[in-house]
Amino acid sequence: MFNFRKKAPLLMLLLLSIAITACSGNNGNTGSNASAENNSKAEAPENKTITVSWPRDIGPMNPHVYNPSQLIAQSMVYEPLVNYTDGGEVVPFLAESWTISEDGKTYSFKIRQNVKFSDGTAFNATIAKKNFDAVMKHVENHSWLGFISLLDKTEAVDEYTFNIVLKQAYYPTLQELSVIRPVRFLGEAGFPEDGDTSKGVKEPVGTGPWMLSDYKTDEYAEFTRNPNYWGEQPKIDKVVFKIIPDGDTRVLAFEKGELDLIYGEGAISMDAFLQLQANPDYATQISSPVATRQLVMNTTNAALSDKNVRLALQHGFNKEAMVQGVTSGLEEKADSLLSANFPYAQSNPAPLGYDVEKAKAYLDEAGWMLPDGKSVREKDGKPLEVELIYEKADQIIKPMAETLQAEWAAIGVKLNITGIELTEQVKRFRAGQFDLYFFSNYGAPYDPSSFFHIVAEKSFGIAEALANLPMKSELDKQVEEALVTTDENKRKALFDAIQTTLHEEGALVPVSYIKKTVVYNNKISGFAFPGSRDDNPFSSIAINP
Amino acid sequence: MGGFIGKRLLAVIPIFFFATLLAFLLIQLSPVDPAEAYLTAAHIHPTEELLEQKRHEFGLDQPLFVQYAQTIMKMCRLDFGTSYISNEPVWQEIALRMPATLQLAFSSIALAVIVSIPIGFLAAVYKNSVFDHLSRVLAYVGASIPQFWLGYLLIYFFSVKLDLLPVQGRGSWAHLVLPSLTLALGLIAIYSRLLRASVLEQLQEPYVLYARTRGIKEKIILVKHVLKIAISPMLTGLGMNLGKLLAGTIITEEVFSWPGFGRYFIEAIFNRDIPVIQAYVLISACLFIVCNLIIDLLQMYLDPRISWKGRSSH
């Protein structure tokens, strides 16, 4: 027979495992994790909780820094002075009104008087200034935001008057003030002793409708209603984020009822979305366009510097079929660089349609001829060969690139597609070390100003790609002028002219309009996509009785 | 025995230098600049000035030798530095995720051992029986099925269809079942075959024949003598697998949203979070050494013919 002494090692292993299981069940970061155990099925109907998934941990909830804090979570707790609504209108938020000086440099905000942070302390001009001071301590980190690099000073004029003074006029200031970070407001209790929030915050105290009530790294985060909220209270009591990094697991968790809603760009695969859409027990929605997927042709490449080659490539592929085929209709074919729901979007540009014969004629005109017995066109003995770089994990760009490869082969153009790692890809794009690249603009509230800004400003990749356009310096001047002018009509005319030039030159090819998707169960009603791309949608959601 | 353990622990020192140097050199070979990766991840536009400032902050503007020496010095003081991404001490970040990884590793190993010992042992004892054939099928399935697919299948049947267990997350014992089973099935396939082969080999040994001629009961021969010796190759495999599991099981953690070490490390690689990568490599190497040492000691305990001076003659 076995005696106990001999079996001891195996038993020890087993006991160790059980002990760890028992011990590690409640080593939460804050509070008990019992509440997160409740999935939506377990919730009593009167407890108005919804459970959603998010691919990454919500991060340290610091309103003044970026990664790894998640925008959606930051947007629930922290609020801006002004808000961006669908269609591009900027509306009052923590500031109930504002005036802009004639020279366009001073923005004076009247702060709403009844606003309190979640700990009950008042929001006023002093704390607004303290937040801006913390941000400006590391101004170099935020220079991507145009108005911050132009910021001269901020002033707490009186308790409820807050001034932002710029070094020069900059029209997108209000749009940029509505972004989620770094210009939203942390309460006094969240500041470290030295006021430098770049090293961390003490606690996430904001004026938003939600408060972080429980959290466990990489597992879950719970947000409950802020009892001191100044605006209309959310219709639900609690939002639980479950951190689920894998898209397929998200779908399975949703089907089982562990999740009520799946939201976010690329949260689940297109196939999974279509499968859930076909199920009558679930509701799905697709947003209006949030950004434009564009194909950037680098004009510094010898072949692509020729406008005829660029136009040939545009005519040489069936955009509609490609977008429909690759995205199963979840993206929409784009014919202009900005979709119609963005301010200053150009209306009705003459689209460059699919026309193989026209494409061949353009290439012939450019001197790229097809030698007998060869499949790739040549000019001065050199083949017409270009490279497209893409992030190898991207599930949409890869099939699109393969489609282009096949379509352009038919007109005698050889396309090499190279999948590389994200960081390397971004680095090469910014340095202009590419022939072709799929880019998408930033979306609301950043666009159109951010998009026009990078047409002129180097080191973002777009200006580098456009460098060989004959009218590039003229374009740059138009952009600069449009961003600073206080004359609205003049700005509109300038933005129209810029879009017309970009369209005619064909170096930036609009491919598709990216849209967001959401899937939810029949417990939820009142879902509406937020106006801003990174904002949260939870304020409008209600739970069916 | 003390000397043996001491000697084995001393082996950690060269492995420490080798592992840290290898990790350091591999990071240097990567075309991605960690300062740029940091800024990209942080959504900060990387201007030349900012890149230089970050490189200086991370110590990346120092000569390579100095960078390596500084890393080593810090590690000797058990200071793994601060994560570039979270700005938190790496050790604290790892410690936060360690319990989840330990829990999953030990439960999978325990499950694999508990299941594979009877299967392997009985398959050998009842060689060519239906049970043996079934165990072979299980081994083939277990060894060939991809882990991520198995994970999804288990979730689909046990969670979505039968509603018996949660799909994902960590908390109660129920959360542990499916990820442990996913990891254990592959191990069960290997261990049960290893044990079966080893038991069959032992059954050919003269001591089994002598025992039988002495009239000792078959059950006692098999359990007390054969199994005790035959388990040795399986324990060696166990040592290697335990090290691997403790270093994180990336795919399973991803599929089951298990908040462990592996997921954290993968993100660190994409973000070129050098302090995390270096700490991970070092900790993984140490875990392998310690696991193998424990298994060696266990083997010596079970089979006294193996001594710390080397195998003695029979």
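Below, chains carry the letters A, B, ... as their sequence lines are ordered, and counting in each starts from 1.
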*Identify which part of I85(B) has an atom lying under 4.5 Å from any heavy atom of chain A, answering side chain, backbone, both or neither.*
both
*With rounding to the nearest 0.5 Å, note down the distance linking NZ in K161(B) to CD in E255(A).*
7.5 Å
*Just wondering, are more than 12 heavy atoms of other shown residues or ligands nearer than 6.0 Å to OH in Y156(B)?*
no
*Would you say Q168(B)'s side chain and T249(A)'s backbone share a donor-acceptor pair under 3.5 angstrom?*
no
*To the nearest 0.5 angstrom, please state how far the CZ atom of R170(B) sits from the CG atom of D218(A).*
10.5 Å
*Toward chain B, the part of S198(A) with a non-hydrogen atom under 4.5 Å*: backbone
*Quick one: what part of I221(B) sits under 4.5 Å from any heavy atom of chain A, side chain, backbone, both or neither?*
neither
*Does some side-chain heavy atom of S257(B) sit less than 4.5 Å from a side-chain heavy atom of K242(A)?*
no
*Return the set of residues passing ring-ring contact (aromatic ring centres under 6.0 Å, His included) with F121(B) (not counting sequence neighbours), or none when no residue passes.*
none
*Please look at F270(B) and chain A and tell me whether the side chain, the backbone, both or neither of the residue comes under 4.5 angstrom of a heavy atom of that chain.*
both
*Most contacts with chain A, counted as non-hydrogen pairs under 4.5 angstrom, among E88(B), E48(B), R97(B)*: R97(B)
*What part of R250(A) is in contact with chain B, defined as an atom under 4.5 angstrom from a non-hydrogen atom: side chain, backbone, both or neither?*
neither
_Heavy-atom cut-off 4.5 Å, strictly under: side chain, backbone, both or neither for E424(A) against chain B?_
both
*Could you grab the distance from atom CD of Q53(B) to atom NE2 of H138(A), nearest 0.5 Å is fine?*
9.0 Å
_Region of E267(B) in contact with chain A, defined by heavy-atom distances below 4.5 Å_ = side chain
*With sequence neighbours left out, write down each residue that passes side-chain hydrogen bond (donor to acceptor under 3.5 Å, both in side chains) with S75(A), or none if nothing qualifies.*
D535(A), N536(A)
*In terms of heavy-atom proximity below 4.5 Å to chain A, should E49(B) be classed as side chain, backbone, both, or neither?*
neither
*V167(B) and E258(A): which non-hydrogen atoms are nearest, and at how many Å?*
N-OE2, 2.6 Å
*Toward chain B, the part of P60(A) with a non-hydrogen atom under 4.5 Å*: neither
*Which value, rounded to the nearest 0.5 Å, describes the distance between E219(A) atom CD and H175(B) atom NE2?*
9.0 Å
*With rounding to the nearest 0.5 Å, note down the distance linking CD1 in I155(B) to CG in D246(A).*
8.0 Å
*asked:* Apply salt bridge (charged side-chain N to carboxylate O under 4.0 Å, His left out) to residues K427(A) and D33(B) and explain how you reach the verdict.
replied: CA-CA 9 Å; K427(A) 184 182 171 186; D33(B) 174 4; over 6 Å; no
*Most heavy-atom pairs under 4.5 angstrom with chain A, which of G169(B), P166(B), G260(B)?*
P166(B)
